[in-house]
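In each ligand, atom 1 is the first atom listed, and ligand 1 is the first ligand listed.
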Amino acid sequence: MTATAVNVAATHVGTRALGPGLRSVVWVQGCPFTCRGCMSPDWIPDRPARLVSPEALATELLSNDQVTGLTISGGEPMTQATALAETVELARARRDVSVLCFTGHRLERLREHPPHPDVPRLLALVDVLVDGLYVAGHNTGRGLRGSTNQRVHRLSSRSRAEDHDYENGPRSAEIALDGPEALLVGVPPTGLLEAFDTAVTTVRNRIAQADPGRAR
Ligand code: SF4
């Protein structure tokens, strides 16, 4: 299948908070799940956000020539398997980037009953897959997964050779600012999400008071 566009909720070029090395991240819009405590509820609705061609998205994600990996999250990437697979294929034609992908589906389900025809094509491109739904009660504040019920699958020989501790390593997060908008990049350490939301609300209120025309 050939894709027309990726429905993109957000991107970030160049982070060390979402996987080994310097990576670029794409979060897709739309998710069929409704995990309680989801850190990105605005990205659950299946509605048009920023529609980007795979070619343009690959160019954007590789715009920093130090980037060695891509992280795909959401939203639910598997619902956009065709466009994302095409994006990764185009990116890999230019640079041999590693791929880390988060999904709410279990790997067994993806293999036995793929929810989209191009899931096998996307899975074949993924080095590390973090699978399963987020369960707030199993969030230990450690590792590159939201909760310990989620599993880390090293699907490629490249990922099996690396020593990155996805399960229990310390978390880090970065805050990317774009005017009055702020984006939290990473799996947040305990308490950070609440502090981040409070800080964003405070800053927005101050902007609204100082310059009502800029408030959104
Ligand atoms: S699968 Fe991820 S994006 Fe979807 S509701 Fe759960 S935590 Fe949120």
Side-chain angles (χ1 to χ4, degrees), residues 5-12 15 17-19 23-52 57 61 70-85 87-88 99-116 118-119 122-123 126-153 155 166-167 169 171-176 181-197 200:
V6 184
N7 191 10
V8 173
T11 58
H12 184 70
T15 179
L18 272 173
R23 313 184 71 82
S24 287
V25 190
V26 54
W27 293 271
V28 297
Q29 179 73 41
C31 179
F33 306 111
T34 51
C35 306
R36 183 176 294 187
C38 170
M39 68 174 279
S40 44
D42 291 348
W43 299 343
I44 293 176
D46 183 14
R47 57 172 170 75
R50 183 166 70 102
L51 301 176
V52 189
L57 184 58
L61 297 175
L70 306 181
T71 297
I72 304 172
S73 188
E76 174 49 57
M78 295 301 155
T79 60
Q80 300 191 49
T82 302
L84 289 171
T87 301
V88 174
V99 175
L100 164 63
C101 182
F102 292 83
T103 176
H105 296 282
R106 286 299 195 187
L107 178 59
E108 295 82 352
R109 159 95 204 282
L110 293 176
R111 284 178 167 158
E112 291 160 20
H113 304 287
H116 186 285
D118 269 332
V119 164
L122 179 58
L123 275 183
V126 170
D127 292 283
V128 175
L129 184 81
V130 180
D131 78 352
L133 298 176
Y134 172 67
V135 179
H138 294 310
N139 183 352
T140 60
R142 304 284 300 181
L144 204 61
R145 53 183 175 172
S147 50
T148 55
N149 59 294
Q150 295 172 315
R151 303 172 303 175
V152 177
H153 302 276
L155 301 179
Y166 291 91
E167 284 89 351
R171 292 180 183 172
S172 65
E174 300 168 6
I175 295 173
E181 299 299 319
L183 180 67
L184 184 65
V185 182
V187 181
T190 305
L192 183 67
L193 196 55
E194 295 76 13
F196 174 75
D197 287 342
V200 168

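- Within the listing of ligand 1, atoms 5 (S) sit less than 4.0 angstrom from a heavy atom of I44.
- Residues E108 and R151 are paired through a salt bridge, judged by an N-O separation under 4.0 Å between the basic side chain and the carboxylate.
- Using a distance-only test at 3.5 Å, with no hydrogens or angles considered, a donor-acceptor pair links the side chain of Q80 to the main chain of Q29.
- Taking every heavy atom of F33 and a limit of under 4.0 angstrom, the matching atoms of ligand 1 come to 1 (S), 5 (S).
- Closest protein heavy atom to atom 8 (Fe) of ligand 1: C38 SG, 2.4 Å.
- Within the 4.0 Å cut-off (strictly below), a protein heavy atom is located near atom 5 (S) of ligand 1.
- At least one side-chain heavy atom of W27 sits under 4.5 Å from a side-chain heavy atom of V185.
- Residue contacts with ligand 1, taken as heavy atom pairs separated by less than 4.0 Å, involve C31 solely via side-chain atoms from C-beta onward.
- With F102 as reference, L144 is the one residue of V128, L144, D131 to meet the side-chain contact (heavy atoms from CB on, under 4.5 Å) rule.
- The single protein non-hydrogen atom nearest to atom 3 (S) of ligand 1 is G75 N, 3.5 Å, given as residue, atom name and distance.
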Residue pair Q150, Y134: steps toward the side-chain contact (heavy atoms from CB on, under 4.5 Å) verdict: CA-CA 7 Å; Q150 295 172 315; Y134 172 67; 4.2 Å; yes
